[in-house]
K.L.:
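Here's a structure for you.
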Amino acid sequence: MATVLDTISFNEKKIQEIVKKTKEHALLHGIVMRTEELPASSEKVQYAPFALFPSLVPRKALVKVKDIQPHFNKMMHMVAYDMEFLQRCLSNVVKVDDFNKRLWDILQVVTEEGIAQPISLGLFRNDFMMDMKKGASVDPASPASIPDSIQMKQIEFNMIASSFAGLVSPLYDVHRYSLTLAGKQFDDLQVPSNNPAKELAKGLVEGWKAYGNKKACVVFLVSDPERNTLDQRRLDTEMFLCDRTVPVKYVTLKDMTERGTKRISDKTLVIDGCEVAVVYFRTGYTPEDYRSDKDWDTRLMIERSKAIKCPSVQYQLAGTKKVQQELCRPGAVERFIKDADVALSIRETFAYQYSLDMGEDGDDAIAKAIADPQNYVLKPNREGGGNNIYGDDIKPFLTKIKNSMERAGYILMERIQPWQQKNYLIKFGLEVSLRNIVSEIGIYGVYLGTADTEIYNSLAGHLVRTKTVGTDEGGLVIGLSCLDTPFLID
Ligand code: ADP
Ligand code: MG
């Protein structure tokens, strides 16, 4: 099976030595998170789970998804500002899904009273897996060779709280170190430098500038406790390096409820006496983030204010699984992207996705999934991991809901068969051994604009998350996957 180590082999003693030194290297580079025991404290932290070596990624495949990222950014922005399209996508979801209904209602309120802030800011992450077509083969004589047919297939497009830019930014450097310890010959361009934290921070600074008041602050709206707080902190550290005059505050929804206000006269959002230029949401994407109606009132207050939202409520709704499924329909991408070649490049990354709305097409999709559940993933319109239904669980679940409107809250997706490799995973409390793994590649992007004007649009680096074969979900903070970087091969 493929591995970056190719023909290099080690004894146990050598591997333990590489692990020990690389762990310390990771700690020195700040690849750290808070512990499960003390999730609210930075007094004692541990290294975040990471792959000991980078995982193989075909250079061409990575270049392709990086090249189209600015077009993806623009398309998702246009989707969010196309009320007719959004309404068509989500009309059945909001009938059965209270969480998305509440977001939808907020969008109706702000649209009716006139949007206070025409600009939206997006710090996106577009996730892909390296799909192996059925029957694809690897040359057994060269474990590092690229299988004869690998295609990047999109898993999802994250429009809220896209994480791990902070933790992954120093990892390419750690991987250059571990490879060197292992005696691997490589060119630095094969483990490319990467700083998504800096690029996303630049996006936040651009948003702040577009707001146009140097005294106004950028609010990181966060959960408490939050194990992944250091990932967030690297973004504001990078903001500091970019422009140290930008005031930054960390605020929870509860703080905003208790101490935030929207001035009636000019819709300015204010917290602790400071005008807010940008609200950067690192919370607010799951129902649990809103502990009461008061938190929902606070979300509404933020959306009605003239602060720039990252993301605005319409961005958040455009990021739902349902919208992504609807974009797979013929003509949908082309509604937004007029250049046929670009539209095709985007479309080529799509796996098959099916609506489960009531009706014949939905019935057919359900029958397909029940007959062959290993080839599908069932997704509700939720973010943050742990919500999808896989394999053997699909049949009983669909059988239960197939005659109820509830099914419109889900979409069905073809299951990607990702390229399997071998790597060592370093996780707190887990024995280190060579494991069969698969990887998910995230491409970061930044977009800033109004309905018809683009202010800023950039490709912002990459992330790889790697998990053992047989793990369905990919949650990193909960320990299912590990931070990783690409080792590019031709
Ligand atoms: P979430 O919003 O919870 O992150 P995702 O759509 O990203 O939802 O799915 C979570 C994880 O499930 C992904 O990180 C990936 O590992 C796996 N997954 C999702 N869709 C597919 C698919 N079509 N084929 C294979 N694995 C998938
Ligand atoms: Mg995901």
Side-chain angles (χ1 to χ4, degrees), residues 49 51 55 76 93 97 99-100 123-134 150-165 168 228 281-289 311 315-325 327-328 349-354 356 365 368-369 372-394 409-421 425 436-444 462-484:
S55 296
M76 295 313 295
V93 172
D97 179 336
F99 178 68
N100 284 298
L123 304 186
F124 303 140
R125 201 189 67 222
N126 199 2
D127 289 337
F128 301 88
M129 276 180 156
M130 294 179 280
D131 193 24
M132 291 264 279
K133 281 284 139 286
K134 284 194 183 71
I150 271 193
Q151 274 189 313
M152 288 285 196
K153 288 290 179 189
Q154 189 187 42
I155 295 292
E156 66 157 343
F157 193 94
N158 297 281
M159 296 187 80
I160 183 165
S162 308
S163 45
F164 306 118
V168 83
N228 200 24
F281 284 85
R282 290 296 295 252
T283 185
Y285 53 88
T286 75
E288 295 72 36
D289 293 339
Y315 263 31
Q316 185 171 351
L317 286 163
T320 51
K321 312 282 190 269
K322 181 66 188 175
V323 167
Q324 284 160 48
Q325 171 258 305
L327 279 170
C328 295
T349 68
F350 291 171
Y352 289 108
Q353 296 196 40
Y354 306 90
L356 297 187
K368 256 196 255 211
D372 188 12
Q374 301 306 331
N375 274 324
Y376 295 94
V377 179
L378 191 58
K379 300 187 179 186
N381 286 287
R382 287 288 179 278
E383 296 300 319
N387 300 298
N388 298 340
I389 297 166
Y390 304 83
D392 292 342
D393 296 336
I394 291 182
Y410 291 78
I411 62 108
L412 185 70
M413 185 173 181
E414 168 197 5
R415 186 153 187 167
I416 311 289
Q417 307 297 338
W419 183 20
Q420 296 189 12
Q421 305 180 23
L425 302 183
N436 297 336
I437 54 99
V438 292
S439 300
E440 183 167 347
I441 290 127
I443 308 297
Y444 292 97
H462 57 253
L463 161 79
V464 179
R465 280 170 303 161
T466 291
K467 62 182 183 179
T468 50
V469 170
T471 313
D472 292 325
E473 284 279 340
L476 205 140
V477 177
I478 51 173
L480 291 178
S481 65
C482 292
L483 295 164
D484 197 354

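Counting starts at 1 for both ligands and their atoms, following the listed order.
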K.L.:
Closer than 4.0 angstrom: is that true for some heavy atom of Tyr376 and an atom of ligand 1?
P.N.:
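No, that is not the case, since the closest heavy atom of the residue is not under 4.0 Å from the ligand.
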K.L.:
Please confirm whether Asp472 approaches ligand 1 to less than 4.0 Å, judged on its heavy atoms.
P.N.:
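Judged by the 4.0 Å heavy-atom criterion, Asp472 does count as contacting ligand 1.
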K.L.:
Hey, are Arg415 and Asp372 close enough for a salt bridge, meaning a charged N less than 4.0 Å from a carboxylate O?
P.N.:
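Result for this pair is no, no salt bridge flagged.
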K.L.:
Any salt bridge (Lys or Arg N to Asp or Glu O under 4.0 Å) involving residues 382-393? Give me the pairs, sequence neighbours left out, ordered by first then second residue.
P.N.:
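Qualifying pairs, neighbours excluded: Asp97-Arg382, Lys321-Glu383.
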K.L.:
Considering residues, nucleotides and ligands other than Tyr352, do more than 12 of their heavy atoms fall under 6.0 Å from its OH?
P.N.:
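Check fails, neighbour count at 12 or below.
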K.L.:
Among all the protein's non-hydrogen atoms, which is closest to atom 2 (O) of ligand 1, and how far away is it?
P.N.:
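Closest protein heavy atom to atom 2 (O) of ligand 1: Lys321 NZ, 2.7 Å.
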K.L.:
Is it true that Gly384 lies under 4.0 Å from ligand 1, counting heavy atoms only?
P.N.:
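Yes, Gly384 has a heavy atom closer than 4.0 Å to ligand 1.
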K.L.:
Take every heavy atom of Met129, measure it against each atom of ligand 1, and state whether any distance is under 4.0 Å.
P.N.:
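Heavy atoms of Met129 do come under 4.0 Å of ligand 1.
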K.L.:
Could you tell me whether ligand 1 has any atom less than 4.0 Å away from a heavy atom of Asn387?
P.N.:
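Not so, Asn387 does not reach ligand 1.
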K.L.:
Nearest protein heavy-atom contact for atom 21 (C) of ligand 1: which residue, which atom, what distance?
P.N.:
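For this ligand atom, the closest protein heavy atom is Ile155 CD1, 3.6 Å.
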K.L.:
Using a strict 4.0 Å cut-off to heavy atoms of Met413, name the atoms of ligand 1 that fall inside it.
P.N.:
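Listed by number with element, the hits are 23 (N).
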K.L.:
The criterion is salt bridge (charged side-chain N to carboxylate O under 4.0 Å, His left out); which residues satisfy it with Arg282, sequence neighbours excluded?
P.N.:
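Testing Arg282 for salt bridge (charged side-chain N to carboxylate O under 4.0 Å, His left out), a comparison that skips the adjacent residues, returns Asp231.
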K.L.:
Is any protein N, O or S atom closer than 2.8 Å to the Mg ion (ligand 2), and if so, which?
P.N.:
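For the Mg ion (ligand 2), the protein N, O and S atoms that sit under 2.8 Å away are Glu156 OE2.
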K.L.:
Which residues pass the side chain to side chain contact (heavy atoms under 4.5 Å, CB included) test with Leu480, not counting sequence neighbours?
P.N.:
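Result, side chain to side chain contact (heavy atoms under 4.5 Å, CB included) vs Leu480: Thr471, Glu473, Ile478.
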K.L.:
What's the shortest distance from atom 23 (N) of ligand 1 to any protein heavy atom, and which residue and atom give it?
P.N.:
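For atom 23 (N) of ligand 1, the nearest protein heavy atom is Glu414 O, 2.9 Å.
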K.L.:
Check if Asp127 has a non-hydrogen atom at a distance under 4.0 Å from any atom of ligand 1.
P.N.:
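No, Asp127 has no heavy atoms under 4.0 Å from ligand 1.
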